[in-house]
Amino acid sequence: MLKLPIPVKELASRLLKWYRENRRELPWRTDSDPYRVWVSEIMLQQTQVKTVVPYFEEFLRTYPNIEALADAQENEILSAWSGLGYYKRARNLHKTAQILCEQHGGEFPRDFSQVLQLPGIGPYTAGAILSLAYGEPVPILDGNISRLFSRYLKIEGVLEGSTLAQLQKFLVQLVSEASVSENIRDFNQALMEMGALVCTPRNPQCVSCPLAASCLAYQKGLEKTLPRPRTRRAVQEFHYTVALIARGEKYLLTQNWEDTFLRGFWEFPRIQGPPTPRLAEKFKKTHGLHLKVREKTAPVAHRITFRKLNFHPVLVSLQSPAPHQKFTWTRPGQKGYPVSSYIKKILNSLES
Ligand code: ADE
């Protein structure tokens with residue numbers, strides 16, 4: 001059984017006081033509009049606050065409400081998302097906006113299980129939306145908050161399976177207490193903020209922590225040891241040769257419908273494997289392109305979740321026109337032609 005080392009009321013008042021004095025002014029904290037909360041929480045999945053801030057503001061200017069997002073073209077949403085990574089989030093945002101308009105009168109539902117059914121929304125994001133937007137007393141169990149409690153309560157098991165379920169149960173109980181539920185918006189934000197600023201993964205700032213005096217890990221000198229690391233999914237490496245065919249500022253790009261990653265994005269024509277003497281033949285076979293190789297340049301690495309993609313650029317010229325239906329001549333980054341940030345990395349690598 002997990003047990004708080006101090007009364008709930010004291011925990012809540014320490015956290016809320018700390019939050020009032022130390023909170024960062026972030027654009028999604030200006031009000032509790034569900035649309036803003038939802039978009040920010042999706043952007044903040046796997047992405048740092050400082051990266052998200054400019055994207056969030058621009059995205060809200062482009063798509064100021066659920067209807068505007070539902071009516072947009074997926075290609076344009078992907079362009080607005082370009083550089084944030086994990087593009088499935090943008091597609092799910094679009095799908096969810098359409099479902100909200102078609103089935104929920106253009107509003108976010110207040111019911112946890114209904115929110116959970118929306119694409120791209122798991123228990124964490126559902127908890128964030130319901131608590132931050134609607135003030136419902138539901139917990140958020142993200143990486144920051146689970147790290148904080150694994151230390152505060154000195155949870156020694158790896159945070160998965162039954163250990164995580166136990167923590168979830170503990171938090172459900174915790175947020176039902178009046179001193180927490182009456183302040184749920186600030187309480188949940190305070191926990192997230194503590195996880196981001198004080199109870200950080202590598203060097204927790206225990207000297208400025210309002211809970212240090214009662215933190216069970218801190219008392220035993222375990223604050224840097226907990227939580228115990230999870231076993232990581234092995235990184236898989238892939239190699240691709242990409243053909244750079246320039247016409248002024250434009251390049252020949254093709255839309256990817258082949259792979260599960262980067263699906264729908266416009267890319268340089270690419271073939272599997274690092275460059276070989278037979279690469280012109282392979283480009284002919286795979287893309288119907290008749291190329292002449294001019295120069296090979298240094299490879300560029302790009303991580304997408306557990307995949308490490310190594311792109312080997314070759315500068316080539318076209319010996320006969322590209323088949324129309326598959327290709328476009330485009331300036332990378334042009335609206336309506338979403339590109340992954342690996343394209344920019346390759347272009348930058350040519351300049352250096
Ligand atoms: N990370 C996830 N959600 C957040 C929020 N609302 N504020 C700051 N960081 C976050």
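For ligands, and for the atoms within them, numbers begin at 1 and follow the listed sequence. In what follows, every heavy atom counts, from backbone to side chain, and hydrogens, waters and symmetry copies are set aside. Quantities reported herein were computed from a predicted structural model and do not represent experimental measurements.
For atom 3 (N) of ligand 1, the nearest protein heavy atom (residue, atom name, distance) is E41 OE1, 2.8 Å. Protein heavy atom at the shortest distance from atom 2 (C) of ligand 1 is Y124 OH, 3.1 Å. Among protein heavy atoms, atom 10 (C) of ligand 1 sits closest to L44 CD1, 3.6 Å.
A salt bridge links E21 to K17: at least one charged side-chain nitrogen sits closer than 4.0 Å to a carboxylate oxygen. Comment: K95 does not engage E74 in a salt bridge, judged by the lack of any side-chain N to carboxylate O separation of less than 4.0 angstrom.
At least one heavy atom of R29 sits closer than 4.0 Å to an atom of ligand 1.
Set against the non-hydrogen atoms of V49, the atoms of ligand 1 under 4.0 Å away are 9 (N). Every atom of ligand 1 is numbered from 1 in the order shown, and the set under 4.0 Å from a heavy atom of Q189 is 6 (N), 7 (N). The distance from ligand 1 to the heavy atoms of W28 drops below 4.0 Å at these ligand atoms: 5 (C), 6 (N), 7 (N).
With contacts defined as side-chain heavy-atom distances shorter than 4.5 Å, the pair Y342/E267 qualifies.
Note: H302 and F311 have tilted aromatic rings, judged against thresholds of 30 and 60 degrees for the angle between ring planes.
Residues L315 and L279 do not share a hydrophobic cluster, clusters being chains of Ile/Leu/Val/Met/Phe/Trp/Tyr side chains in contact below 4.5 Å.
Distance check, rounded to the nearest 0.5 Å: CZ of F149 to CG of L2 gives 10.0 Å.
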